[in-house]
Amino acid sequence: MVVLLDAKYIRSNPEGVRAALAKRKKEVNLDKFLALDEKRRNMLSEVEQLKNKRNVVSQEIARLKKEEKDADALIAEMQQVSGTIKELDEKVREVEAELNDILLTIPNIPHESVPLGESDKDNVEIRRWGTPREFGFEPKPHWDIGEDLGILDFATAAKVTGARFTFYKGLGARLERALFNFMVDLHAIEHGYTEVFPPYMVHRHSMVGTGQLPKFEEDAFKVAGTDYFLIPTAEVPVTNMYREQILDGDQLPIYHVAYSACFRAEAGSAGRDTRGLIRQHQFNKVELVKFTRPEDSYEELEKLTRDAEDVLRLLGLPYRVSMLCAADLGFSSAKTYDLEVWMPSYGRYVEISSCSNFEDFQARRADIKYRPAPNEKARYVHTLNGSGVAVGRTVAAILENYQQEDGSVVIPERLRPYMGGVERICK
RNA sequence: GGAGAGAUGUCCGAGUGGUUUAUGGAGCUGGUCUUGAAAACCAGUGACACCGCAAGGUGCCGGGGGUUCGAAUCCCUCUCUCUCCGCCA
């Protein structure tokens with residue numbers, strides 16, 4: 001499966017690519033890439049000429065044999081040629097593997113609307129909704145609220161499994177379940193997404209397809225004795241549903257919503273957000289995934305972001321939307337909006353959803369195409385996804401934003417039907 | 001886990017070593033006929049990728065490897081699907 005992604009594009013416009021990647025503050029060795037690319041093309045034309053000769057002469061041999069004439073000299077010559085072809089093919093394969101290794105580590109090119117910047121400090125706030133509540137008492141962090149109410153149990157999870165896992169209990173477990181049911185229903189019924197319930201494990205090719213591999217293998221959980229990975233997000237199985245496929249143009253756009261558990265090793269985040277639900281090895285998430293025509297993808301990104309925002313609005317949670325600067329952009333993304341919910345214990349907005357347009361970056365890696373019209377050439381689709389939204393962080397936000405002085409937590413009205421009518425979680 | 005059968009272009013489906021440079025359908029486009037449509041018939045089209053300014057060339061019949069002057073076709077191996085048996089929530 002040697003897929004030379006967009007070698008042609010890089011070759012024709014190396015300076016443009018270099019400049020775009022510089023925006024990300026990432027070093028990519030394009031010179032090595034360009035040298036290898038030229039080497040490959042030279043070897044390719046050489047070996048292809050030999051193959052042409054082999055094909056022509058083989059026909060000739062067939063003809064001679066049919067006429068019962070002697071072909072021994074030609075056969076001897078072709079033995080030589082075949083040997084050379086074999087050697088050259090092997091060398092071409094090696095160079096292509098090297099090229100592919102480089103290509104797979106080149107991040108997506110930021111969209112022109114994405115601001116420059118050095119770090120997440122340079123992300124640009126787009127809009128805000130809601131007003132953080134003024135507490136007439138000292139608000140507690142969600143881990144204290146949850147433990148005091150007996151609905152979150154971090155200590156038991158540590159005993160049973162380890163750090164960064166949680167038991168939800170009683171109405172806490174129900175709240176988690178109510179939230180993802182509410183979110184899936186909202187997107188499936190009101191926003192027109194088709195619900196999917198995906199496998200929680202995928203093979204390596206799918207992880208490469210969406211861009212988690214090969215660069216970020218240490219972030220994923222690998223299942224021992226298999227070549228499977230636990231999914232870090234439903235984006236991986238759902239986007240790869242259409243891998244190696246050519247869709248009909250009139251099938252687009254495709255909208256999917258998927259609830260799944262997500263598993264992340266959180267390598268390199270030691271010491272960050274160690275308390276509470278913010279950074280867990282396993283968490284639930286409702287994910288939105290879209291497949292669109294290239295010309296529609298940026299409009300679809302705006303709509304997808306609004307669909308995710310609806311969740312927070314309907315739950316009455318104050319949030320803001322910010323556009324990530326080039327330096328903070330994820331590896332596969334061309335443009336990303338983060339939704340950040342107000343978290344009183346942090347005294348700031350905390351990421352709860354990330355909505356991205358990957359343009360054709362994932363489509364190339366996973367080979368997802370569509371035919372614009374019958375008999376037209378197949379083109380790569382654009383893929384998008386966004387959390388709609390992270391469930392554990394939503395529980396944290398509800399506990400903190402809806403906490404009362406007596407330690408109880410009011411359930412947002414819209415959620416009550418999913419909670420069997422429960423209006424408040426009390427001790 | 002055991003036994004067997006499969007995997008061919010957008011889809012269906014032929015093809016067991018050299019006019020297969022992949023048969024034939026469906027589909028799609030145009031036409032005839034029709035008030036219009038359908039059907040029928042005629043013609044066209046006929047996958048995808050890479051190299052090349054082009055002419056042209058090369059590769060590709062699930063993936064990888066091998067045999068051969070020559071492989072969709074023979075051999076090995078892996079993956080997946082189906083049928084039967086076993087086990088199992």
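Applying the Watson-Crick and G-U wobble criteria (two distances, each under 3.5 Å), B:G44 pairs with B:C28. Remark: B:A7 base-pairs with B:U79; criterion is Watson-Crick or G-U wobble with both hydrogen-bond distances under 3.5 Å. The nucleotide B:U16 finds no pairing partner, because no Watson-Crick or G-U wobble arrangement with both distances shorter than 3.5 Å includes it. The partner of B:C60 is absent, by the rule that a Watson-Crick or G-U pair needs both atom distances under 3.5 Å. Under the Watson-Crick or G-U wobble criterion, with both distances below 3.5 Å, B:C53 has no partner in any strand shown. Using the Watson-Crick or G-U wobble rule with both distances under 3.5 Å, B:U68 pairs with nothing in any strand shown. Under the Watson-Crick or G-U wobble criterion, with both distances below 3.5 Å, B:G36 is left unpaired in every strand shown.
The main-chain N or O of A:L277 is found under 3.5 Å from a side-chain atom of A:H142 such that the two form a donor-acceptor pair. In this structure, the side chain of A:S12 engages the main chain of A:Y9 through a donor-acceptor pair within 3.5 Å. Side chain of A:N29 to backbone of A:K32: a donor-acceptor contact under 3.5 angstrom is found. Between the side chain of A:T239 and the main chain of A:V236, no donor-acceptor pair closer than 3.5 Å is present. The main-chain N or O of A:V223 is found under 3.5 Å from a side-chain atom of A:T226 such that the two form a donor-acceptor pair. With A:S206 contributing its side chain and A:V202 its backbone, the two residues share no donor-acceptor pair below 3.5 Å. A:R279 places no side-chain N or O within donor-acceptor distance of the main-chain N or O of A:A270, the cut-off being under 3.5 Å. Looking at A:K290, its side chain does come within 3.5 Å of a backbone N or O of A:E300 through a donor-acceptor pair.
Within the 4.5 Å cutoff, no side-chain heavy atoms of A:M78 are placed close to those of A:I75.
Across residues 46-57 of chain A, A:E48, A:K51, A:N52, A:R54, A:N55 each have a non-hydrogen atom less than 4.0 Å from an atom of RNA chain B (numbered order). Remark: A:I75, A:M78, A:Q79, A:S82 in residues 75-85 of chain A come within less than 4.0 Å of RNA chain B through at least one heavy atom.
Taking the C1' atoms as reference points, B:A22 lies 14 Å from B:C48, given to the whole Å. The separation of B:C69 from B:C78, taken at their C1' atoms, amounts to 29 Å, rounded to a whole angstrom. Of the P atoms belonging to B:A71 and B:G17, the separation is 14 Å, rounded to the nearest Å. For B:U21 and B:G59, the P atoms lie 12 Å apart once the distance is rounded to whole Å. Taking atom P on both nucleotides, B:G57 is separated from B:G9 by 25 Å, rounded to a whole Å. Distance noted for atom C1' between B:G13 and B:C61: 13 Å (whole Å).
In the set B:C48, B:G52, B:G18, B:G52 carries the atom at the smallest distance from any side-chain atom of A:R11.
Rounded to an integer number of Å, the gap from CG of A:D227 to C1' of B:C80 is 15 Å. Computed from coordinates, the A:K39 NZ to B:C50 P distance equals 22 Å when rounded to whole Å.
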Only distances under 3.5 Å count here; give the side-chain donor-acceptor pairs of residues 213-221 of chain A to other protein atoms, sequence neighbours excluded, each with its distance to 0.1 Å.
residue	atom	partner	partner atom	Å
A:E217	OE1	A:R204	NH1	3.4
A:E217	OE2	A:R204	NH2	3.3

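Note on A:L44: only backbone sugar-phosphate atoms sit closer than 4.0 angstrom, heavy atoms only; bases stay farther off.
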